[in-house]
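One structure below.
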Amino acid sequence: MASESVIDPIHQFHILKIVDLGEPGGVQLAFTNSAAFMFGIVALIFFFLTFATRGRTLVPGRLQSMAEMSYEFVASMVRSTAGNEGMKFFPLVFSLFMFVLVANFIGMIPYGFTVTSHLIVTAMLALVVILTVIIYGFMRHGTHFLGLFVPSGVPAFLLPFMVVIEVISFLSRPISLSLRLFANMLAGHIAMKVFAGFIVMMSASGFLGLLGGTLPLAMVIALTALEFLVAALQAYVFAVLTCIYLNDALHPGH
């Protein structure tokens, strides 16, 4: 059973019940390993930022520098994509960026759990973004927010088709936003697990198998480095696209 769990690339994504909360109203509730890791990620971010900025010295130390760099990185991202007016959404963008970044890195730790490799998690994050865009867009602009779906300068006979295309494009945003993060993290971890399984199987075949295992070992090392890069890049992409979508809520005209 232990050997099967080592070479099974899907085993790392299994959601396990920690505390069964019963079925109130016919809905099964449980506190799972996924929920535990998400609580842990939020707590880790909270305590890091609180501890790093507690002194607020003029000459920052390492932790304070990391906290300030993360703040400035996200702030410059928001300003460059949504303008200074977009800074009102900075807490949302910063929270999403830090959560996705830390969650991706936690998943790289042995025996860690990658919550962003589950579509339900990434879909909920994307849903928060798109609902913020819709609610704020209508609150600020009223029905003028619908101008987002009406490109300017389009001939009248083409306008109905363009409106349909724009609506479909808008509705596909949360789908692409969630699938991109989910698919990248899922595929990367499966690839690493498969090559790690090759190492275990080949090393069990004696000296020649041990020599043959050096190739998948090299692949695992390369994939691990690549996956760290992908983990950071996907957090950045998620945050940038969030800023771009929020810019539409601020300036819905084409």
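Since the model is a prediction, treat every value here as computed from it, not as a measurement.
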- Plane angle bin for F145 and F149 - parallel if under 30°, tilted between 30 and 60°, otherwise perpendicular: perpendicular

Contacts of Y71 meeting ring-ring contact (aromatic ring centres under 6.0 Å, His included) (sequence neighbours excluded), chain-then-number -> F90

Any side-chain heavy-atom pair of I41 and V102 under 4.5 Å:
yes

Practice task
Decide whether I165 and L171 are clustered together by the hydrophobic rule: side chain heavy atoms of Ile, Leu, Val, Met, Phe, Trp, Tyr closer than 4.5 Å, transitively.
Solution key: yes

Value for CD1 (I18) from OG1 (T32), rounded to nearest 0.5 Å, stands at 6.5 Å

Interatomic distance, OG1@T242 vs CG@L177, rounded to 0.5 Å, equals 5.5 Å

Cut-off 3.5 Å, side chains only: do T116 and N104 have a donor facing an acceptor? yes

Rounded to the nearest 0.5 Å, the CE atom of M38 sits from the CE atom of M124 at a distance of 11.0 Å

When every non-hydrogen atom of E166 is compared with those of L148, the smallest separation belongs to OE1-O, 4.0 Å

Closest non-hydrogen atoms of A67 and A52, given as atom of the first, atom of the second and distance, are CB-CB, 3.9 Å

- Going only through I, L, V, M, F, W and Y residues with side-chain contacts under 4.5 Å, is there a path from I109 to F99? yes

* Asked: Applying the 4.5 Å side-chain criterion to the ILVMFWY set and letting contacts propagate, would I134 and V167 be lumped into a single cluster?
  -> yes

Answer yes or no on whether R54 is positioned over the face of F51, meaning its NZ or CZ is under 6.0 Å from the six-membered ring centre and within 45° of the axis. yes

Taking CE in M87 as the centre, count heavy atoms belonging to other residues, nucleotides or ligands within less than 6.0 Å. Is the count above 12? yes

Quiz item: More than 12 non-hydrogen atoms from neighbouring residues, nucleotides or ligands closer than 6.0 Å to CZ on F46, yes or no?
Solution: no

Min side-chain heavy-atom separation R140-L250 under 4.5 Å: yes

Correct closest heavy-atom pair for S117 and F13 would be OG-CD2, 3.2 Å

Separation between CZ (F39) and CG (L44), nearest 0.5 Å, reads 15.0 Å

With F37 as partner, the option from V42, V115, V121 fulfilling side chain to side chain contact (heavy atoms under 4.5 Å, CB included) is V115

dist F170:CZ -> D248:CG (nearest 0.5 Å) comes out at 7.5 Å

Residues at least two apart in sequence or cross-chain that pass side chain to side chain donor-acceptor pair (under 3.5 Å) with E227, listed by chain then number, are H189

Looking only at heavy atoms, the pair that brings T224 and M108 closest together is O-CE, 3.8 Å

ring-ring contact (aromatic ring centres under 6.0 Å, His included) pairs touching residues 223-250, sequence neighbours excluded, are F73-Y236, F105-F228

Exactly one of T81, T132, V78, L241 clears side chain to side chain contact (heavy atoms under 4.5 Å, CB included) with L246, and that residue is T132

Exercise. With hydrophobic residues grouped by side-chain heavy-atom distances under 4.5 Å, do L101 and M66 end up in a single group?
Worked result: yes

All heavy atoms of M98 vs all of S70, minimum pair found to be SD-CB, 4.2 Å

Rounded to the nearest 0.5 Å, the CG atom of L226 sits from the CD1 atom of I221 at a distance of 13.5 Å

Can L131 be reached from L96 by stepping across I, L, V, M, F, W or Y side chains whose heavy atoms are under 4.5 Å apart? yes

Could you walk me through whether L127 and I130 satisfy the side-chain contact (heavy atoms from CB on, under 4.5 Å) test, starting with their C-alpha distance in whole Å, then the side-chain angles of each, then the deciding distance to 0.1 Å, before giving a yes or no? CA-CA 5 Å; L127 192 60; I130 209 66; 4.1 Å; yes

Note: A82 and H251 closest approach over all heavy atoms is O-CE1, 4.2 Å

Do the side chain of N247 and the main chain of C243 share a donor and acceptor less than 3.5 angstrom apart?
no

Checking the side chain of T122 only, and the main-chain atoms of S178 only, is there a donor and an acceptor separated by less than 3.5 Å? yes

